Amino acid sequence: MPTALVIAAAGSGTRLGAGMPKALAPLADGRALLAHCLDAVAAARDAGTSLDAVVVLVPADPDGGARVRAVVAEGRARLGAPVACVPGGAERADSVRSGLAAADRALGRGVPGPRHVLVHDAARALTPPAVFAAVQEALDAGAVAAIPGVPLTDTVKEVVLADAGAAPGERTLRLTVRGTPPRGGLRAVQTPQGFDLDALLAAHEAVRADPARDAAALTDDAMVMEAAGHAVAVVPGHAEAFKVTTPLDLDLAAALLARRPA
Ligand code: C5P
């Protein structure tokens, strides 16, 4: 099945506090997060994941964009598929929509049978090949959407503001619990998330056209498919597919890199 990989690497990295786009943040070995992500994609290909095109969403600002493109230029030969860089948007969902349009162009139309897309966060830079393989296998078996998920170790509470008039800084003190979903029925979901490309293009277009939808609230692509009424299959994720978001995550990434063979 023709398959494109879209890598979302256009985020600002505010929560990481590295003073640069997150994709450029160096891990313990000094190499950028995105360079490690491209290594992980190359490893997945070596292990059997098939990719016909790669699209990398890069920051829209000229300086950050140029620096991220340079990381892609250095790593593209390892990917073994044509690679395009496309400027991202204000929110992740905006970036992914641009990436899907580029994936659509890269794969071309008129091929009989479904076209697949894997949407991946650059920030999940150490994702093992087995996660890519599990998602692709589910798509090949006929799923319209397949996402990796892991069981939760924490108990999760749904919370509400106890006092809507509280000052923003006081909010955490004024939260109260509304309910506790049973933990066994929850999964923390990761990327790559795999989809029928045409179904995901249509689902993103439908949410974009809905004025009631807030792009910032679309934190993954599966929820765009859920909104369109599609079934979403869940396949095993992996603890090492965690998203590098905070400085503590950089420490975890350093520990993992130290453990992996060079
Ligand atoms: O912000 P969040 O942690 O959800 O970002 C997940 C991924 O989406 C990151 O790899 C980030 O670079 C990417 N992103 C993007 N465009 C944005 C915001 C985030 O490509 N506007």
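Each ligand, and each atom within it, is numbered from 1 in the order the structure gives. Since the structure is predicted, the reported quantities are computational estimates derived from the model, not experimental observations.
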- Message: Any carboxylate oxygen within less than 4.0 angstrom of a Lys/Arg side-chain nitrogen, looking at R183 and D154?
- Response: no
- Task: Please say which of V55, L197, T3 ends up in a side-chain contact (heavy atoms from CB on, under 4.5 Å) with V117.
- Result: L197
- Query: Can any side-chain N or O of S95 pair as donor or acceptor with the backbone N or O of L57 at less than 3.5 Å?
  - Reply: no
- Qualifying residues under side chain to side chain contact (heavy atoms under 4.5 Å, CB included), relative to V150, sequence neighbours excluded: A188, Q190
- Query: Is there a donor-acceptor pair closer than 3.5 Å between any side-chain N or O of R115 and the backbone N or O of G108?
  - Reply: yes
- Task: Output the set of protein residues with a heavy-atom contact under 4.0 Å to ligand 1, ordered first by chain identifier and then by residue number.
- Result: A8, A9, A10, G11, R15, K22, G89, A90, E91, R92, S95, D121, A122, A123, K243
- Message: Under a 3.5 Å distance rule, please check whether R187 uses its side chain to pair with a backbone N or O of V235 as donor and acceptor.
- Response: no
